[in-house]
Amino acid sequence: MPKFVLRLKAPRPRFAQTLTDAEREIMGRHAAYWRPYLQRGDMVAFGPVLTDEDSYGLAVVETDDEQALREFAAQDPVITTGTASFEVGRMLAGHVRAR
């Protein structure tokens, strides 16, 4: 099954480490929004990634319907509020452990 990587591009460096209360609320809605993908088992990995100098969000999703994934992502609260943006890529090859 095709795998897609979504990278959440934050509005500033170290976003995850410096959230305002309003941003924290939006990020909570963002996490809840993706719950259907988690519940179906389509979400391989999801969450913030912290580096020494920055942070970003990462999701890996298995799906046969790239268009539906992109449409769903476009309605994410982080997108509709203008808090962040997504970069979507399709993995050319990759291996995911058996469920």
Side-chain angles (χ1 to χ4, degrees):
M1 181 175 300
K3 292 159 193 68
F4 296 88
V5 175
L6 291 86
R7 183 176 186 272
L8 184 75
K9 296 166 42 175
R12 64 180 178 276
R14 299 183 53 81
F15 177 71
Q17 298 95 319
T18 62
L19 291 173
T20 66
D21 289 340
E23 290 167 337
R24 188 170 284 105
E25 187 272 330
I26 291 167
M27 295 309 291
R29 289 190 296 146
H30 157 71
Y33 182 77
W34 286 95
R35 194 164 290 130
Y37 277 84
L38 289 163
Q39 291 171 337
R40 287 194 309 263
D42 297 339
M43 187 73 73
V44 176
F46 179 80
V49 177
L50 305 178
T51 69
D52 289 342
E53 299 179 17
D54 203 2
S55 63
Y56 58 92
L58 179 71
V60 178
V61 177
E62 291 181 311
T63 183
D64 286 322
D65 194 341
E66 179 179 357
Q67 186 60 35
L69 174 62
R70 287 179 178 273
E71 289 171 4
F72 188 83
Q75 295 305 309
D76 184 315
V78 297
I79 303 302
T80 61
T81 62
T83 302
S85 63
F86 278 119
E87 180 177 86
V88 180
R90 183 177 180 158
M91 293 182 72
L92 293 177
H95 306 280
V96 176
R97 66 181 169 93
R99 293 183 191 177

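The side-chain tip of Arg40 points at the ring of Tyr37 from less than 6.0 angstrom away and within 45° of straight on.
Annotation for Asp54 and Pro13: closest pair OD1-CA, 3.4 Å, computed over non-hydrogen atoms. The shortest heavy-atom contact between Arg12 and Thr18 is NH2-O, 2.8 Å. Residues Leu8 and His30 come closest through the heavy atom pair CD2-NE2, 4.4 Å. Of all the heavy atoms in Ser55 and Ala16, the pair that sits closest is OG-N, 2.9 Å. For Lys9 against Ala84, the heavy-atom pair with the smallest separation is O-CB, 3.3 Å. Shortest non-hydrogen contact noted between Glu62 and Met1 is C-SD, 3.6 Å.
Distance check, rounded to the nearest 0.5 Å: CG of Asp76 to CD1 of Ile26 gives 10.5 Å. In this structure, CZ on Arg70 lies 11.5 Å from CG on Asp65, to the nearest 0.5 angstrom. A distance of 9.0 Å separates OG1 of Thr81 from CD of Glu25, quoted to the nearest 0.5 Å.
Using the six-membered ring where Trp is involved, Phe72 and Trp34 have ring planes that are perpendicular, over 60° apart on the 30 and 60° scheme.
Defined by atom type and a distance below 3.5 Å, a donor-acceptor pair is present between the side-chain atoms of Glu71 and Gln67. A donor atom on one side chain and an acceptor atom on the other are not found under 3.5 Å apart for Glu23 and Thr83.
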### Worked verdict on Arg24 versus Asp21 for side chain to side chain contact (heavy atoms under 4.5 Å, CB included)
CA-CA 5 Å; Arg24 188 170 284 105; Asp21 289 340; 3.4 Å; yes

Given Leu69 and Asp42, is the side chain to side chain contact (heavy atoms under 4.5 Å, CB included) satisfied, shown in steps?
CA-CA 11 Å; Leu69 174 62; Asp42 297 339; over 6 Å; no

Give the intermediate values and the outcome of side chain to side chain contact (heavy atoms under 4.5 Å, CB included) for residues Gln75 and Tyr33. CA-CA 9 Å; Gln75 295 305 309; Tyr33 182 77; 3.2 Å; yes

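Phe46 and Leu50 sit in two unconnected hydrophobic clusters of ILVMFWY residues. Membership requires side-chain heavy atoms under 4.5 Å apart, directly or through other members.
Checking side-chain atoms of Tyr56 against main-chain N and O of Thr51 turns up no donor-acceptor pair under 3.5 Å.
Atom CD of Glu53 has 12 or fewer heavy atoms from other residues, nucleotides or ligands within 6.0 Å. For CZ of Arg35, the number of neighbouring non-hydrogen atoms (other residues, nucleotides, ligands) closer than 6.0 Å is 12 at most.
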